[in-house]
Amino acid sequence: MSKTIHAPLRREELEGLRAGDSVLLSGVIYTGRDAAHKRLCALINEGKELPFDLRNQAIYYAGPCPAKPGDPIGSCGPTTSYRMDAYAPTLCNLGLIGMIGKGQRSEAVVEAIRRNGGVYFAATGGAGALIATSVKSAEVIAFEDLGTEAIRRLEVENLPLIVAIDAHGGNLYEEGPARYRR
Amino acid sequence: MRELSVKRIEDTVYALFMSACCEIGEDVLFLLQKNLQTEESPFGREVLRQLIENDRLAAEKKMPICQDTGMAVIFMDLGQDVHLTCGDVNEAIETGVRRAYRDGCFRASVLSPLTRFNTKDNTPAIVHMRIVPGEQVTLTAAPKGFGSENMSRLWMLTPSQGIEGVKNAIVETVRLAGGNPCPPVVVGVGIGGTAERAMQMAKHSLTRECGTPSDDPMLAEMERELLERINNLGIGPQGLGGRTTALAVHIEQMPTHIAGLPVAVNMQCHAARHKTAVI
C-alpha cells in the first residue's frame, strides 16, 4: 500500500511519486517553521553559511511540544504551510526537495517544486501525539533561542505522509475537493 | 455573600487546561466516529482514523492532542454574590495557566506581536469575564490553536444582504480556509452586536457541546442547513477531499444596529477542546 521513502531524499525516487500516494518516511529530516525560515533566508541574503546543507533534505514545518522525561519529543504534528510560502522557493533553489506540512501552497511554491523535482508531503494536522511515536530522536541544531521554533534534526521511522503536490503538476488539494464537491 | 479564595480559581484553571489539552471531549470523539462511518473518501477515512487513534493515544499518555496547545482562552462567569479573597484574581488565572503549560509539557506559543519575543510560559491568557447572578463561579478553558484561528473572518455586511448574505459569508469563510484550519472543523458564528461582540459570540459558541443545536429554532435550522452546504464543498478531512469538512456549525446572535449586520466566523479545528468546571 504505502511506499517506503528514505531521507535524505533521492531525486530519482521522488520522480516516481504522484499526488495521492501514501508514503512512510524514515531517516533524517529537519524541523523549521516561521521564525527559522526568516532566519535561514536572512543568512542566504547575507551570503552566510546555513546551519545545515539543504541539498536533498526535507524540512518538516513543525514546532513540537517539550518532551516529557524519557521521551525524545513531545506532540509534534505539522503546522500550516502557506506561511512558509514566502521563503520556500529560495530554499528549493538551494537544493531542498522535500517539504512536509499541511494545507495548500502558493503558485510560486508549486512552480519551485516542479522546477527542482521536489515533493510536498501532507502530514495529518492535529495528530501530534500519534506522529510523535514516529520520532526516534530530536536534537536542536540551530537557533536554540527560538524555543519550539528552533531547527531540530529528527530521526523518524515510518512517518505516515501523503504526497500532496508532486513535480508533475499533481495537486491533491485541488483534485481531492473537486472529486467530492456537490 | 460567599467568600472564595482566588487560589481555588487558580487551581481550577490549572486542572481545566491540564485536562483540555490532552483529553478530547466525548462530543468530538462521537462526531469523528459518526463521520468515519459515512465518509466517502479513502483519504478522508484514513485521516479520521488517525485522528481518533491520536485522541485515544493523547488521553492515555497524557500528551497534548496537538502540539499547538494554543492561546489559553477562558470564559469566566462570576456570581455577583461571590467575594474573591486572598489576592488578585487576574494574577491567579495567569498563574494557573503558567503552571499548567509548564507541568503538562505544553508548548509556549505566545509572543509579542511585533518583536516576536516569546513570553515562554504561554501567558497572557485571553479572559472573557462576566458578572452573573448567584454565588457560583463557572470557568471554561478553551485552548485555541492558530491554524484555525488564522482562518477566522469578520464580515461587516449591509442589512440589504440579509439572511442569504449571512449564510453565504459563513460558507465562503470555510471555502477560503480550505485545508488550512485542520478540517473537519467546528464553525463558530456570531451574528449581530458590534464588531468585537460578534467575534466574542462566535468564540463562545465553540464552548457549546459539539453538535448540539442552538436553543433558538431559527438558528438551529440555519446550523443544519449550513452544515450541509459546508460539507458539499468537498474540502474533506485535512483538505484532501471528502464529505466531512465540518463536524458542526454553532451560531449565537444578539440585536445589532439599524445600519449593520456583523457576521463573525471563528474557525475551530477538529481538536475542539473545551472543559468546564463550576466552583
Side-chain angles (χ1 to χ4, degrees), chain A residues 1-2 19-22 31 33-35 38 61-69 71 73-83 101-105 122-133 145-149 160 162-164 171-182, chain B residues 21-22 40-44 46-47 50-51 53-69 102 104-109 111 116 118 120 145-148 150-151 175 177-183 231-243 245 269-271:
Chain A
M1 284 280 286
S2 296
D21 287 349
S22 292
T31 65
R33 49 173 293 160
D34 308 65
K38 190 173 182 183
Y61 301 145
C65 282
K68 290 196 170 181
D71 288 347
I73 202 159
S75 290
C76 187
T79 195
T80 320
S81 304
Y82 75 90
R83 298 192 314 273
K102 66 177 177 85
Q104 181 66 290
R105 309 304 302 267
T124 301
L130 188 62
I131 289 173
T133 62
D145 62 298
L146 292 180
T148 185
E149 293 204 72
I162 294 170
V163 176
N171 186 338
L172 195 55
Y173 289 107
E174 286 166 8
E175 295 152 23
R179 214 169 292 152
Y180 295 94
R181 196 171 295 139
R182 280 183 196 161
Chain B
C21 287
C22 302
E40 295 165 17
S41 149
F43 290 126
E46 175 55 25
V47 167
Q50 284 186 22
L51 297 182
E53 169 66 7
N54 179 71
D55 290 346
R56 189 195 60 73
L57 191 68
E60 180 192 305
K61 296 180 77 175
K62 300 247 180 305
M63 262 177 101
I65 297 157
C66 175
Q67 74 290 337
D68 189 352
T69 42
R102 181 197 60 206
C105 287
F106 304 158
R107 197 175 75 181
S109 308
L111 42 64
R116 312 304 287 181
N118 199 302
K120 300 205 165 115
F146 259 53
S148 56
N150 278 335
M151 295 296 116
R175 190 188 69 79
N180 291 335
C182 273
N231 283 333
N232 280 339
L233 291 170
I235 293 167
Q238 294 294 310
L240 302 174
R243 302 291 304 158
T245 302
C269 63
H270 58 78

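By convention in this document, chain letters (A, B, ...) are assigned in the order of the sequence lines, proteins followed by strands, and residues within each chain are numbered from 1.
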Shortest non-hydrogen contact from B/P42 toward A/Y180 =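 Shortest heavy-atom separation between B/P42 and A/Y180 comes out as CD-OH, 3.5 Å.
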If you look at every heavy atom in B/P64 and A/A129, which pair is closest and at what distance?
->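 Smallest interatomic distance, heavy atoms only, reads O-CB, 3.8 Å.
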Under 3.5 Å: donor-acceptor pair, side chain of A/T148, backbone of B/R107 |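 Side chain of A/T148 to backbone of B/R107: no pair is present.
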Are the side chain of B/R116 and the backbone of A/A35 linked by a donor-acceptor contact shorter than 3.5 Å?
->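 The answer is no, because no donor-acceptor pair under 3.5 Å joins these two groups.
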Looking at [options], which has the largest count of heavy-atom pairs under 4.5 Å with chain B?
options: A/S22, A/P66, A/G128; value: A/P66
options: A/G103, A/G126, A/A122, A/A62; value: A/G126
options: A/A164, A/G176, A/P160, A/S75; value: A/S75
options: A/G74, A/A178, A/G20, A/A132; value: A/G20

For the [atom1] atom of [X] and the [atom2] atom of [Y], what is their distance to the nearest 0.5 Å?
X: A/R181; Y: B/N232; atom1: CZ; atom2: CG; value: 11.0 Å
X: B/M151; Y: A/T80; atom1: CE; atom2: OG1; value: 6.5 Å
X: B/F43; Y: A/R179; atom1: CZ; atom2: CZ; value: 7.0 Å
X: B/N180; Y: A/Y173; atom1: CG; atom2: OH; value: 8.0 Å
X: B/M63; Y: A/I73; atom1: CE; atom2: CD1; value: 8.5 Å

Can you tell which of [options] has the highest number of heavy-atom pairs within less than 4.5 Å of chain A?
options: B/G239, B/A271, B/G179; result: B/G239
options: B/T69, B/D55, B/I235, B/I65; result: B/I65
options: B/C66, B/G236, B/A58, B/G242; result: B/G242
options: B/D68, B/N54, B/L51; result: B/N54

Checking [X] against chain A: side chain, backbone, both or neither under 4.5 Å from a heavy atom?
X: B/L240; result: both
X: B/K62; result: both
X: B/C182; result: both
X: B/N118; result: neither
X: B/A177; result: neither

With a 4.5 angstrom heavy-atom cut-off, could you sort out which part of [X] is near chain B: side chain, backbone, both or neither?
X: A/T124; value: both
X: A/A19; value: neither
X: A/S81; value: neither
X: A/L172; value: both

Is the number of heavy atoms from other residues, nucleotides or ligands under 6.0 Å of A/K68 NZ greater than 12?
->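 Correct, the count exceeds 12.
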What pairs with B/E53 under salt bridge (Lys or Arg N to Asp or Glu O under 4.0 Å), at least two apart in sequence or on another chain?
->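 B/E53 satisfies salt bridge (Lys or Arg N to Asp or Glu O under 4.0 Å) with B/R56 once adjacent residues are dropped.
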Would you sort out whether A/R83 and B/N150 count as a side chain to side chain contact (heavy atoms under 4.5 Å, CB included), showing the intermediate values?
-> CA-CA 11 Å; A/R83 298 192 314 273; B/N150 278 335; 4.2 Å; yes
Before giving the answer on side chain to side chain contact (heavy atoms under 4.5 Å, CB included), spell out for A/C65 and B/Q67 the whole-Å C-alpha distance, their side-chain angles and the decisive distance to 0.1 Å.
-> CA-CA 5 Å; A/C65 282; B/Q67 74 290 337; 4.1 Å; yes
Pairing residues for A/Y61 by the ring-ring contact (aromatic ring centres under 6.0 Å, His included) criterion, not counting sequence neighbours =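 By the ring-ring contact (aromatic ring centres under 6.0 Å, His included) rule, A/Y61 matches A/H37.
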